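Below: the structure, in C-alpha cells.
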Amino acid sequence: MLLLRASGARAQTIAPGAVETQVGRITVIADPAHLALGIGLAERADRPLPWPGLGTRVLPPFRLIVVADAAALARISRGRAPAWGAGIALPDPHIIILRADLDGLDHTLRHELGHLALHDAVKVRVPLWFDEGYASWGANEWDRLESLKLNLAVASGSRPGLRELDGLLRGSANTADAAYALAVSAVLELARRNPSGTIAPLMSHLEAGEDFDSALVETTGLTESRFETEWQRSLKTRYGILTWLLAGGFWAIVAFGLGGILWARRRADAPRRAALNDGWVIVEDPEPPVDQHDGVV
C-alpha cells in the first residue's frame with residue numbers, strides 16, 4: 001500500500017498480452033489470467049463510497065492495473081515500489097496498480113482508493129504521513145492500531161517525529177508496519193484535537209485550497225511542531241509500557257524468562273550429564289531362546 005507522486009503514466013508499459021476492459025467508470029488492465037480478478041475488484045469499487053471528513057463520494061474514472069507479482073510491480077513503477085508493497089496509487093494520472101499474488105486485495109484496493117479520494121478532493125500538498133494515515137483510516141485498518149499495543153519500541157519511548165515518520169513509511173517492511181500504524185494514529189489525533197471530534201473541518205479547509213499548516217492551526221489551534229508534541233504525548237498515554245504489558249507483553253516476558261531459565265539449567269547440567277554418560281555401555285538384549293517344540297506338525 002503505497003502512494004507514488006508521479007505522472008507520465010503513458011510511458012509505463014504493461015506486460016505483453018495484457019488486455020483492457022471497461023467496468024463502469026473503471027478501466028481494467030490485466031493479463032488474461034488475472035482479468036477476472038480485476039473485473040471483480042472493479043465492480044466492487046465502481047460505486048459511491050464513504051470517506052472520513054468527505055462523506056460518500058463517487059470517485060472520478062481511473063485505471064486499475066492488476067499485475068502478477070512484485071517483479072511486475074517494480075517494473076511498472078520503475079523500481080520505486082518496495083518489494084513488500086501490495087499496491088500503489090498514482091493520483092495525478094488516476095491509476096491504481098495491485099499485485100495479484102497477495103491476499104486481501106479488496107482491502108488493499110480500498111486503501112489505494114483512499115489516496116484517490118483524498119487527492120480528488122484536496123488539491124494542495126499534504127504531508128506523506130497524513131496521506132498514508134488518511135488512506136489507512138478510509139480502509140478501516142484498525143488492526144494497525146492494535147499492533148501498536150504490542151510494539152515494544154513504541155511502548156519503551158521510541159516515537160518518531162512527523163518528518164521522521166515520512167521516512168519510515170518508505171523504509172523496510174519491518175519499519176513500515178509500525179509507521180503506517182503511527183500515521184493513522186496521527187490523523188485520528190487531528191480529529192480528536194478539533195472541538196467537533198471529527199476531521200471534517202480540516203478537510204473543508206483543505207478542499208477550499210488552504211495550505212496544510214494553516215488548516216492545522218485553524219482546526220486544532222496547534223502549529224505542526226506543537227501538534228507533533230501533543231501527538232507523541234498521546235502515544236505515550238495510549239501505547240505506553242502498561243498498555244504493552246496488558247496486551248500480552250507480560251506473558252512475552254514470562255515466556256522469555258522461562259526459556260532463559262531452561263537454557264541456563266541445561267547448560268549447568270551439561271557436565272553432570274556428560275559424567276553420568278561416561279563409561280556406560282549399552283548391552284543389547286540377548287536373542288530369545290527358540291522353543292524346539294514350536295512349529296507346524
Side-chain angles (χ1 to χ4, degrees), residues 1-7 9 45 49-55 57 59-60 62 73 77 80-82 84-98 107-142 144-145 148 160-171 173 175-194 198-217 219-220 222 224 227-228 231 235:
M1 290 171 273
L2 184 71
L3 170 73
L4 290 181
R5 305 180 188 279
S7 57
L49 295 170
W51 299 105
L54 296 175
R57 297 198 173 199
L59 295 180
F62 66 92
L73 180 62
S77 66
R80 289 174 295 178
W84 51 263
I88 60 175
L90 297 95
D92 293 338
H94 293 89
I95 292 175
I96 290 175
I97 309 173
L98 300 179
H107 182 82
T108 303
L109 175 60
R110 176 74 187 204
H111 180 103
E112 306 307 340
L113 289 173
H115 290 305
L116 296 192
L118 175 62
H119 287 266
D120 181 57
V122 175
K123 304 305 179 184
V124 298
R125 191 175 183 86
V126 297
L128 180 61
W129 62 264
F130 179 81
D131 218 324
E132 293 295 357
Y134 182 87
S136 293
W137 183 353
N140 298 318
E141 296 175 357
W142 309 125
R144 294 190 181 277
L145 294 177
L148 278 183
L162 293 172
R163 294 191 180 183
E164 185 183 354
L165 180 56
D166 284 351
L168 294 175
L169 286 164
R170 292 296 177 263
T175 62
D177 284 342
Y180 276 88
L182 290 169
V184 70
S185 75
V187 178
L188 289 171
E189 187 68 20
L190 289 172
R192 284 191 287 266
R193 291 287 168 176
N194 186 268
T198 72
I199 202 173
L202 175 66
M203 300 304 292
S204 295
H205 281 268
L206 294 175
E207 280 192 275
E210 192 169 341
D211 67 84
F212 186 83
D213 289 345
S214 298
L216 177 63
V217 173
T219 57
T220 68
L222 302 171
E224 181 182 3
F227 171 74
E228 177 178 288
W231 166 63
L235 285 176

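All figures in this text were calculated on a predicted structure; none of them were measured in a lab.
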Exercise: identify the closest heavy-atom pair between [X] and [Y]:
X	Y	result
A81	L73	CB-CG, 3.9 Å
T108	G87	CG2-N, 4.2 Å
L116	P91	CD2-CA, 3.7 Å
Y134	P52	OH-O, 2.7 Å
E112	L98	CG-CD2, 4.2 Å
L216	L222	CG-O, 3.5 Å

Would you check if the side chain of S136 reaches a backbone N or O of G133 as a donor-acceptor pair within less than 3.5 Å?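 Pair absent, no side-chain N/O of S136 close to backbone of G133.
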
Are the side chain of W231 and the backbone of L190 linked by a donor-acceptor contact shorter than 3.5 Å?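 Judged by distance alone, no pair lies under 3.5 Å.
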
[Y] and [X], any side-chain heavy atoms less than 4.5 Å apart:
X	Y	value
D211	V124	no
L206	F130	yes
L168	P160	yes
T220	E189	no
L162	P127	no
L113	L49	yes

R170 NZ/CZ over W129 ring centroid, <6.0 Å and within 45° of normal: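 That pair does not qualify as a cation-pi contact.
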
Parallel, tilted or perpendicular for Y180 and W84, by the 30°/60° rule?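 Because their plane-to-plane angle is over 60°, the rings of Y180 and W84 count as perpendicular.
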
Distance in Å, [X] [atom1] paired with [Y] [atom2], rounded so as to fall on 0.5 Å steps:
X	Y	atom1	atom2	value
T198	L188	OG1	CG	12.0 Å
L54	M203	CG	CE	4.0 Å
I199	T219	CD1	OG1	8.5 Å
L235	S185	CG	OG	4.5 Å
E132	E141	CD	CD	9.0 Å
E228	E164	CD	CD	9.0 Å

Could you verify whether a donor N or O on one side chain and an acceptor N or O on the other, from D131 and H119, lie under 3.5 Å apart?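 Short answer, yes.
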
CZ/R192: more than 12 non-hydrogen atoms of other groups inside 6.0 Å: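 Correct, the count exceeds 12.
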
